[in-house]
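Chain naming here is simple, since letters A, B, ... match the order of the sequence lines and numbering starts at 1 in each.
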Number of protein chains: 2
Amino acid sequence: MSAIRLVDDLSPSANRAEWLDTILRGDCVAALNRLPEKSVDVVFADPPYNLQLEGDLHRPDQSKVDAVDDAWDQFDSFAAYDAFTRAWLLAVRRVLKPNGTIWVIGSYHNIFRVGAMMQDLGFWILNDVVWRKTNPMPNFRGRRFQNAHETLIWASRDQASKGYTFNYDAMKAANDDVQMRTDWLFPICTGGERLKTASGDKVHPTQKPEALLARVMMASSRPGDVILDPFFGTGTTGAVAKRLGRHFVGCEREKDYIDAATARIAAVEPLGAAEIALMTGKRAEPRVAFGSLVDAGLLAPGALLTDARKRWTASVRADGTIAIGSEAGSIHRMGARVQGLDACNGWTFWHFEEAGTLKPIDDLRSQVRQGMRAAGG
Amino acid sequence: MSAIRLVDDLSPSANRAEWLDTILRGDCVAALNRLPEKSVDVVFADPPYNLQLEGDLHRPDQSKVDAVDDAWDQFDSFAAYDAFTRAWLLAVRRVLKPNGTIWVIGSYHNIFRVGAMMQDLGFWILNDVVWRKTNPMPNFRGRRFQNAHETLIWASRDQASKGYTFNYDAMKAANDDVQMRTDWLFPICTGGERLKTASGDKVHPTQKPEALLARVMMASSRPGDVILDPFFGTGTTGAVAKRLGRHFVGCEREKDYIDAATARIAAVEPLGAAEIALMTGKRAEPRVAFGSLVDAGLLAPGALLTDARKRWTASVRADGTIAIGSEAGSIHRMGARVQGLDACNGWTFWHFEEAGTLKPIDDLRSQVRQGMRAAGG
DNA sequence: GACATTGGTGAATCTTCAG
DNA sequence: ACTGAAGATTCACCAATGT
């Protein structure tokens, strides 16, 4: 990935190299309309939240809370915010690949409007995810619950988009081998990660933690994918994308943010391919036919298989099928047949005996795969 | 609270006793329009989620998931669901007191539409709250994150409604003396709490845990308040309300649910007054003027007050003000003045010396209040 | 150097009563 | 409805300073 570039104008016929890993300066709708359609794999959007603050807020020690009162977060009405939301969602949708997915983060001020609009435009919500903050700001006046989370919506482009990327096994492995849930726990962005000006002020009022973006990309993208962030800000999406071996493209209007993002991303050292390599789980594992276990000598023809409770017994045949009485078929079909079900995962249903204990034949498949990896592919 | 009654028809002029602690049979919009306006303190609504399941869902062992496919959860389109949502929200809003609040629970299928509609109708969102499930249903296909939470929206009737009930101190005390956050952890409703038919099927597909409702009511209502549930189902709201000394009124169409709820609520034993008492803080204490401390002889005119670090000293005057040099004013104003702040709580800022130690004058206020209680008022 | 103290701060729709 | 004053209210983390 080359040093980050800034693109001021992009012709509609620009080729991929001209906009990949760049920041498009200006309004995101105008900028996105110059990208080719169906060209990005994942969108991460952190739009203005439309906070409606009246007056100042002080902490109990009388210090003033530095509120988000930037011009870019001012809208005249819900209708104006809805129109804004609709416009950028449509622009994003055009450049999203048919099997691409979109993430949007927000708070109760805006997320319900954004979510409803996404549904109206045809996006298909896959999950809503809650970012639980370990260290949220307290409620200083004691009149509400401490606002301790933000919400992310994860959606595919259409209801029909079934081929989206979800690295299920990587997520599961990262979560102590149980399924990754929809509630994620991360600290807010502080300390050395938080970009500061020379005078010590925060560069951006709402910089997101890199860990959050890393979870998003590890879950829903592959190395080499293109991640679009239409509200690039100080470039958290770009920094994490570069580190994780993804491409990015961002849109941003404010010069200060662009400058900060450019320097930040230039300093990022990408991880090596081995480090990035998705912990690919079974879904991406090479397919192993039951017959190859027989071929490999791990199961001899005539060997007996049973279910875990030894209610049924089948014998292995040399052709890679198994037989019960006069009937034979695949491990899956015969497993389903004896149970009276429509389908069955034969790999986990059928067991073999070794050293007096029953083990699923899936263990043998793992051995075959290990041998394949040792052989380099 | 008398035994639960079922009300089939209610005249618009019915008095309170006729509908309090009853289930109104029929569509909630029609039923609610017969209640007097501004008559309920809190609404808890668990509307149909508009789940969009295509075909059956099976677990990995091929057992069929008993999905929510009831007729009441079927809507032809988002537009139909929005119209339904708008209708019941408007009906509910009419009967809600000006300082009442509303809770709505939902999932990503419906909560964004409901939340946006609430904002459109003028409700003012106070918090969104996440119910994190300790034991959610797994994602059987491994194509999404495990859906491990549901979302609640808590809103006041209007932006101007500042007098809503929030038992801040009770919530804080219940949360190990730190503010209650917006992420709540509860198990889903199972075991003995889950209502089952004689044949062992669950009576209602989405019965909510009583602990969730108890948290809602303890946070946002007071004993004796009226809690309305327009989608009463099997009466979790009624059962918890009765147990916690609140009144309820529910709307329900399905006879099976009404029967189950009626029996369930009749069996509930209300807790005693001492058990439902709310932890309260200073806000609930009677006001005591600083001058009354002087009147009561707890501080003599001319007594000296200092801040905790003895940086400033003030003298008490007979009129209940304090003086520093030639300037005098209330304990609050003078505390703010010396610190150069806009505001200050003089009760905790100023101290007096007793037996060689500094104590806040708030301690003296406590003594006055204790005397008031002893005197019976 | 280790530990204690102090100060700063983060996407915030953040009071209530009397007159 | 508006004004002015009373007075109630914070958690986790980091950085800098003090002992």
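D:dT9 and C:dC17 are spaced 14 Å apart, taking the P atom of each and rounding to whole Å. Distance check on atom P: D:dA8 versus C:dA12 gives 26 Å, rounded to whole Å. Here the separation of D:dG7 from C:dA11, taken at their P atoms, is 34 Å to the nearest Å. Taking the P atoms as reference points, C:dT16 lies 15 Å from D:dT10, given to the whole Å.
Rounded to whole Å, the distance from CZ on A:R143 to P on C:dA12 is 19 Å. Atom-to-atom, CG of A:D66 to P of C:dA12 comes out at 9 Å; the value is rounded to the nearest Å. In this entry the distance linking CG of B:D176 with P of D:dC11 reads 12 Å, nearest Å. Rounded to a whole Å, the CG atom of A:N147 is 16 Å from the C1' atom of C:dT9. Here C:dG10 presents its P atom at 13 Å from CG of A:L57, a figure rounded to the nearest Å.
For the 3.5 Å distance criterion, the side chains of A:R264 and A:T236 qualify, holding a donor opposite an acceptor. Side chains of A:H109 and A:S107: a donor-acceptor N/O pair is present below 3.5 angstrom, by distance only.
Proximity of A:K202 to the phosphate of C:dG10: a side-chain N or O atom is located under 4.0 Å from OP1 or OP2.
For the pair B:K310 and B:W312, the cation-pi criterion (under 6.0 Å, within 45° of the ring axis) is not fulfilled. Annotation: cation-pi geometry satisfied between B:R93 and B:F123 (NZ/CZ under 6.0 angstrom from ring centroid, within 45° of ring axis). A cation-pi arrangement, defined by a distance under 6.0 Å to the six-membered ring centre and an angle within 45 degrees of its axis, is absent between B:R132 and B:W184. Figure legend: A:R215 and A:F186 shown without cation-pi pairing, the cationic atom not lying both under 6.0 angstrom from the six-membered ring centre and within 45 degrees of its axis.
Interface remark: the A:K208 side chain does form a donor-acceptor pair with the C:dA11 base, using a distance-only criterion of under 3.5 Å.
Across all strands shown, A:V65 has heavy atoms under 4.0 Å from base atoms, whether or not it also approaches the sugar-phosphate. Residue-level contact check: A:G55 touches the bases, meaning some heavy atom is under 4.0 Å from a base atom.
When both pairing distances are held under 3.5 Å, C:dA11 makes no Watson-Crick or G-U pair with any nucleotide shown. Here D:dG18 sits opposite C:dC3 as a Watson-Crick or G-U wobble pair (both hydrogen-bonding atom distances under 3.5 Å).
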Give me the distances for all protein-to-nucleotides 6-9 of chain D N/O pairs that come in under 3.5 Å?
unit_1, atom_1, unit_2, atom_2, d
D:dA6, OP2, B:S330, OG, 3.3
D:dG7, OP2, B:H332, NE2, 2.7
D:dG7, OP2, B:W347, NE1, 3.4
D:dG7, N2, A:R141, NH2, 3.1
D:dA8, OP1, B:R365, NH1, 3.3
D:dA8, OP2, B:R365, NH1, 3.2
D:dA8, OP2, B:R365, NH2, 2.6
D:dT9, O3', B:Y168, OH, 3.3
D:dT9, O2, A:F140, O, 3.2
D:dT9, O4, A:Q62, NE2, 3.4

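Salt bridge annotation for B:D82-B:R86: absent, with no cationic side-chain nitrogen under 4.0 angstrom from a carboxylate oxygen.
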Let me have the donor-acceptor pairs involving side chains of residues 283-304 of chain B, under 3.5 Å, with sequence neighbours excluded, atom names and distances please.
unit_1, atom_1, unit_2, atom_2, d
B:R283, NH2, A:R141, O, 2.8
B:E285, OE1, B:R373, NH1, 3.2
B:S292, OG, B:A289, O, 2.5

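The CZ atom of B:F145 lies 6.5 Å from the CG atom of A:N127; values are rounded to the nearest 0.5 Å.
Side-chain proximity of B:R309 to C:dG7, D:dC11, C:dA11: nearest is C:dG7.
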Contact letters for nucleotides 13-19 of chain D, in which S counts primed atoms plus P, OP1 and OP2 and B counts the base, heavy atoms under 4.0 Å: S------

